[in-house]
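Below: the structure, in structure tokens.
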Amino acid sequence: MSISITPSDRLFVLTGAGISAESGLPTFRASDGLWAGYNVEEICTPEALRRNPALVWDFYSKRRSDCAKVAPNPAHIALAELEAQLPGRFFLCTQNVDDLHERAGSKNLVHMHGELAKSRCERECGRPPVEDHAVYASLDQVGRCPCGGRLRPHIVFFGEIPLEMPRIEREIAASTLMLVVGTSGSVYPAANFVHWARQAGARTVYIGPEPPFNATAFTHIVEGKAGEVLPGLFHVES
Ligand code: NAD
């Protein structure tokens, strides 16, 4: 199967945990909603951060350490190569907090659910997030903001508002082709992007080993692992 990208197409790509699965990072839904042994819905919340910041930092420190050990896979690389062929016509929105897209060479991307390698003030004092690759062994080691607040992971917890939504909405409205890779279609608002794209008249393609929950909104479903299916799927017309 080959999907054409014409000279007038603009591509919007949404990725989820599935694209990093072949790199060795577990998805969220794998093993009954546990993410690496933790119940994410209990840990990744503002309440958990208030109640037990040590547990939240323990979880994200382990994720940082896992992420440092893995490398981008052929799906991340194929997207970076597609971007290079579509200057000014490619936008990538990832739900992932890992940095595998950047390490594969992607440039025009947003992390709507935050980034593992950054921290920010837990008091939300207004200072921007800072780069932070540290793996903390205990809460005492976690740094402080100049305002005195403890740093928290720069992650959008359940119940918090995703980042960069106005830009994402503009990009979806302008796109003519949406590609969604490795996301179960169960976390909102990302699960709605395909509906917004369809309303704007775009073709919509899903890649993953099984149909997502929002499968009926896609014009094409390509079943398979992203690293096997994505490279070579698109033909860029000149
Ligand atoms: P999800 O776990 O709900 O869904 C993962 C999807 O990936 C499933 O539909 C599954 O069929 C598919 N999949 C599994 N292996 C695949 C492969 N090889 N190729 C393509 N698809 C594959 O994940 P989600 O929809 O992204 O939502 C969970 C949330 O958890 C996200 O918001 C994300 O921020 C977070 N998360 C991030 C990471 C990461 O950064 N690597 C990992 C786990 C969870």
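For ligands, and for the atoms within them, numbers begin at 1 and follow the listed sequence. Atom set for the values below is all heavy atoms of this structure, side chains included, hydrogens, waters and symmetry mates excluded. Counting from 1, the numbers follow the sequence of the chain as shown.
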> Nearest heavy atom to atom 32 (O) of ligand 1: which of His113, Glu115, Glu228, His111 does it belong to?
Replying inline: His113
>> Closer than 4.0 Å to some heavy atom of Pro26 - which atoms of ligand 1 meet that?
In response: 42 (C), 43 (C)
> Would you find more than 12 non-hydrogen atoms of other residues, nucleotides or ligands less than 6.0 Å from Phe213 atom CZ?
Replying inline: no
>> Under the rule for side-chain contact (heavy atoms from CB on, under 4.5 Å), what residues qualify as partners of Val110, not counting sequence neighbours?
In response: Phe91, Cys93, Glu164, Arg167, Ile168
> Will you find, in the side chains of Glu160 and His113, an N or O donor that is under 3.5 Å from an N or O acceptor?
Replying inline: no
>> Enumerate the salt bridge (charged side-chain N to carboxylate O under 4.0 Å, His left out) contacts for residues 207-229, please, sequence neighbours excluded, ordered by first and then second residue.
In response: none
>> Give the atom numbers and elements of ligand 1 that come within less than 4.0 Å of a heavy atom of Val187.
In response: 27 (O)
>> One thing to verify: whether Glu171 and Arg10 come together as a salt bridge, which I'm taking to mean a side-chain N less than 4.0 angstrom from a carboxylate O.
In response: yes
>> What I want to know is whether Gly16 and ligand 1 share at least one N or O pair that is separated by under 3.5 angstrom.
In response: no
> Any heavy atom of Val97 sitting closer than 4.0 Å to ligand 1?
Replying inline: yes
>> Looking at ligand 1, would Val181 count as a contact under a 4.0 Å heavy-atom criterion?
In response: no
> Side chain, backbone, both or neither: which part of Thr183 has a heavy atom under 4.0 Å from ligand 1?
Replying inline: both
> Just heavy atoms, cut-off under 4.0 Å: does Lys225 contact ligand 1 by side chain, backbone, both, or neither?
Replying inline: both
>> If we count only N and O atoms by modelled type, under 3.5 Å, do the side chains of Glu237 and Thr6 hold a donor and an acceptor together?
In response: no
> Does ligand 1 have a heavy atom under 4.0 Å from the side chain of Ala190, from its backbone, from both, or from neither?
Replying inline: neither
> Should you measure from each heavy atom of Glu22, which atoms of ligand 1 turn up under 4.0 Å away?
Replying inline: 17 (C), 18 (N), 19 (N)
>> Any heavy atom of Pro209 closer to ligand 1 than 4.0 angstrom?
In response: yes
> Who's closest to atom 26 (O) of ligand 1 heavy-atom-wise, of Ala17, Ala75, Gly224?
Replying inline: Ala17
> Thinking salt bridges, do Lys62 and Asp66 make one under a 4.0 Å N-O criterion?
Replying inline: no
>> With no hydrogens and no angle check, just 3.5 Å: does a side-chain donor-acceptor pair link His133 and Glu131?
In response: yes
> Cys67: heavy atom below 4.0 Å from ligand 1, yes or no?
Replying inline: no
> What about the rings of Phe193 and Trp196, do their centers lie closer together than 6.0 Å?
Replying inline: yes
>> With heavy-atom distances below 4.0 Å as the criterion, list the atoms of ligand 1 near Gly208.
In response: 20 (C), 21 (N)
>> Any nitrogen or oxygen of Phe28, side chain or backbone, less than 3.5 Å from one on ligand 1?
In response: yes
> Would you call Arg63 and Asp98 a salt bridge, taking side-chain N to carboxylate O under 4.0 Å as the test?
Replying inline: no
